[in-house]
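Order of appearance sets the numbers: ligands from 1, and atoms from 1 within every ligand.
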Amino acid sequence: MPDTLLLDNSHAGICLVTLHRPEVLNALNTRLLGELAAELERLERDDSCRAVVLTGSRKAFAAGADINEMAERDAVGILNDPRVACWQQISRFSKPLVAAVNGFALGGGCELAMHADIIVAGVDARFGQPEINLGIMPGAGGTQRLLRAVGKSMAMQMVLTGEPIDARTAQQVGLVSEITQPEFTVERAVQIAQAIARKAPLAVRLAKESLLKAMDTDLASGLRFERHAFTVLAATDDRREGISAFREKRAPVFTGR
Ligand code: HXC
């Protein structure tokens with residue numbers, strides 16, 4: 001059992017993963033990142049899990065990389081850092097991932113939230129990349145994913161000043177899809193994950209992959225990928241079932257084939 005994560009499988013089709021280092025606002029140390037990467041790898045192979053919700057506490061989703069641990073590492077240590085492999089593992093997760101963010105999502109915490117496909121935020125959430133205050137810069141997507149999510153001017157402002165933005169601003173610039181009262185953030189993220197979990201798994205998987213392609217490819221290549229994925233889905237049982245169910249005015253029963 002991981003000791004920096006809480007796992008809740010009580011929602012059908014969903015695994016709720018809660019970051020749990022409350023004494024340091026869920027600062028991301030090697031242990032937590034390793035446990036999270038391992039858990040996502042396990043959920044990747046678990047057919048009963050259709051989507052994952054990732055959350056932290058009411059005060060902090062995560063306040064960034066563990067600064068005390070960072071202080072112990074020299075430059076050589078950073079180059080061989082096991083955390084790099086963890087981040088890569090987390091970024092390969094192919095099932096839908098919804099982040100429920102309350103409180104601080106700073107530095108690596110903001111970067112971790114941006115690994116999610118959808119971010120739901122409590123009204124008191126704060127997103128920021130304060131690494132510049134430590135004499136460093138973001139290193140897990142805080143320049144690349146952030147710029148793609150919020151555009152150049154806001155990304156520059158956040159990274160170069162280190163000042164966080166509030167949930168409303170995050171929603172206005174497209175980082176966050178919905179804002180809730182903090183006590184309902186997780187509930188709303190679970191609802192969204194469950195709505196996705198009811199859809200045809202292959203369609204969900206390829207749609208996610210196709211949308212992510214749009215972040216790192218030119219339009220012509222992205223459209224080619226989309227057309228290919230669309231064609232693959234045309235041969236699935238779930239496509240036949242979805243169309244039949246519509247015409248027969250009943251709910252579809254998807255099998256993932
Ligand atoms: C280690 C941390 C921490 C962190 C908070 N704590 N953030 N410990 N690493 N990132 C600890 C504090 O030291 C304190 O421990 C306890 O958590 C509570 O925090 P406070 O500061 O007392 O709370 P508060 O006054 O409410 O301030 C909250 C805060 C502040 C604004 C979030 O803690 C803060 O600025 N934290 C650092 C944020 C940051 O710079 N993140 C980026 C890290 S660099 P004690 O023992 O004193 O009670 C990064 C690089 C990523 O993320 C690279 C990826 C490859």
Asp47 atom CG, over 12 foreign heavy atoms within 6.0 Å: no
Per-atom contacts, ligand 1 versus Lys59 - under 4.0 Å to a heavy atom: 23 (O), 24 (P), 26 (O)
Ion pair Glu44/Arg92, N-O distance below 4.0 Å: no
salt_bridge(Asp81, Arg73) N-O dist < 4.0 Å: yes
Side-chain donor-acceptor pair present, Ser94, Arg205, cut-off under 3.5 Å: yes
Residues Arg31, Asp3: salt bridge by 4.0 Å N-O rule: yes
4.0 Å protein heavy-atom contact status of atom 9 (N) of ligand 1, strictly under: yes
Any donor-acceptor N or O pair under 3.5 Å, side chains Asp46, Ser48: yes
Pairing of Arg250 and Glu241 as salt bridge, 4.0 angstrom limit: yes
Minimum non-hydrogen distance to atom 4 (C) of ligand 1, winning option of Cys110, Ala140, Gly162, Ala65: Ala65
Side chain, backbone, both or neither: Ala27 near ligand 1, heavy atoms under 4.0 Å: side chain
Exercise check, heavy-atom protein proximity under 4.0 Å to atom 26 (O) of ligand 1: yes
Atoms in ligand 1 with a heavy atom of Pro130 nearer than 4.0 Å: 39 (C), 40 (O), 41 (N), 42 (C)
Contacting atoms of ligand 1, where contact means under 4.0 angstrom from a heavy atom of Glu131: 44 (S), 49 (C), 50 (C), 51 (C), 52 (O)
Heavy atom of protein closer than 4.0 angstrom to atom 13 (O) of ligand 1: no
Ligand-residue contact atoms, ligand 1 with Gly64, heavy atoms, under 4.0 Å: 52 (O)
Arg188 bridged to Glu178 by N-O distance under 4.0 Å: yes
Polar atom proximity, Gly108 to ligand 1 (N or O, under 3.5 Å): yes
Closest candidate by heavy atom, reference atom 37 (C) of ligand 1, pool Asn133, Ile67, Asn26, Leu106: Ile67
Test item: protein heavy atom less than 4.0 Å from atom 17 (O) of ligand 1: yes
Exercise check, heavy-atom protein proximity under 4.0 Å to atom 54 (C) of ligand 1: yes
Pairwise side-chain contact, Leu202 with Phe254, heavy-atom cut-off 4.5 Å (strictly under): no
Polar contact flag for Ala63 and ligand 1 (N/O pairs, less than 3.5 Å): yes
Atom 19 (O) of ligand 1 [closest protein heavy-atom partner, distance rounded to 0.1 Å]: Leu25 CD1, 3.6 Å
Closest approach of any protein heavy atom to atom 6 (N) of ligand 1, naming residue and atom: Val24 O, 3.8 Å
salt_bridge(Lys199, Asp238) N-O dist < 4.0 Å: no
Protein heavy atom under 4.0 Å of atom 45 (P) of ligand 1: no
Distance-only side-chain donor-acceptor flag, Thr185 / Asn102, under 3.5 Å: yes
Note: Arg126-Asp166 ion pair, threshold 4.0 Å (strictly below): no
Numbering as shown, the atoms of ligand 1 that approach Leu134 to under 4.0 Å (heavy-atom distance): 43 (C), 44 (S)
For Glu23, atoms of ligand 1 separated by under 4.0 Å from a heavy atom: 16 (C), 17 (O)
Contact with ligand 1 for Glu69, non-hydrogen, under 4.0 angstrom: no
Residues Asp66, Arg21; criterion salt bridge (Lys or Arg N to Asp or Glu O under 4.0 Å); working and verdict: CA-CA 11 Å; Asp66 189 313; Arg21 294 188 74 213; 2.8 Å; yes
Protein contact for atom 41 (N) of ligand 1 (heavy atom, distance under 4.0 Å): yes
Flag: protein heavy atom within less than 4.0 Å of atom 49 (C) of ligand 1: yes
